[in-house]
Amino acid sequence: MTDPDSRPADDSLLGNARALFENGQALFEAELAFQKARAGFVFGRAKGILALAALALALLFFALMALVVGLLLALAPLIGPWGALAVVVLGLLALTGLCILGAIHRVRTVVRVLKGPARKDETT
């Protein structure tokens, strides 16, 4: 009925498959532990990074406020206080407009990339 010589080969094949499965499980568990450790490290560092970024933004805000006040004080003797205020406000509004246009352009670029290439039947 069954060949006695084929039985040890089947056991060996089954044993190898079982060992391969166990090695795969161990590898998966080790990789999972490694990725958890990496995520813990990143999230632990993220607090410090966010704190430093917030401090940098606050200092940048104060520096820009000092620049605005300095511009007002420097321009006031030349064109009067109201003229200095108008020049500084218009300059800030112009810079704001440029920033908004740049942001709109970048958003449109991202949307276009995410949509993918337009098909000929969709463009009409």
Same cluster or not: [X] versus [Y], using hydrophobic residues (I, L, V, M, F, W, Y) connected whenever any side-chain heavy atoms lie under 4.5 Å apart?
{"X": "Leu93", "Y": "Leu67", "answer": "yes"}
{"X": "Val88", "Y": "Leu78", "answer": "yes"}
{"X": "Val68", "Y": "Ile79", "answer": "yes"}
{"X": "Trp82", "Y": "Leu92", "answer": "yes"}
{"X": "Leu85", "Y": "Leu73", "answer": "no"}

Donor-acceptor pairs under 3.5 angstrom involving side-chain atoms of residues 102-112: please list them, not counting sequence neighbours.
unit_1 : atom_1 : unit_2 : atom_2 : d
Thr109 : OG1    : His105 : O      : 2.9
Thr109 : OG1    : Arg112 : NH2    : 3.4

Between Ala76 and Ala84, what is the shortest heavy-atom contact and its length?
->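 Looking at all heavy atoms of both residues, the closest pair is N-CB, 3.7 Å.
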Show every donor-acceptor pair shorter than 3.5 Å between a side-chain atom in residues 34-44 and any protein atom, with sequence neighbours excluded, or say none if there are none.
unit_1 : atom_1 : unit_2 : atom_2 : d
Gln35  : NE2    : Glu31  : OE2    : 2.8

Distance (rounded to the nearest 0.5 Å) between Met65 CE and Leu60 CG |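 Rounded to the nearest 0.5 Å, the CE-CG separation comes to 9.5 Å.
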Find the distance between OG1 (Thr96) and CG (Leu101) and round it off to the nearest 0.5 Å.
->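 Interatomic distance, Thr96 OG1 to Leu101 CG, rounded to 0.5 Å: 11.0 Å.
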Kindly list each side-chain donor-acceptor pair under 3.5 angstrom involving residues 20-28, sequence neighbours excluded, with atom names and distances?
unit_1 : atom_1 : unit_2 : atom_2 : d
Asn23  : ND2    : Ala19  : O      : 3.4

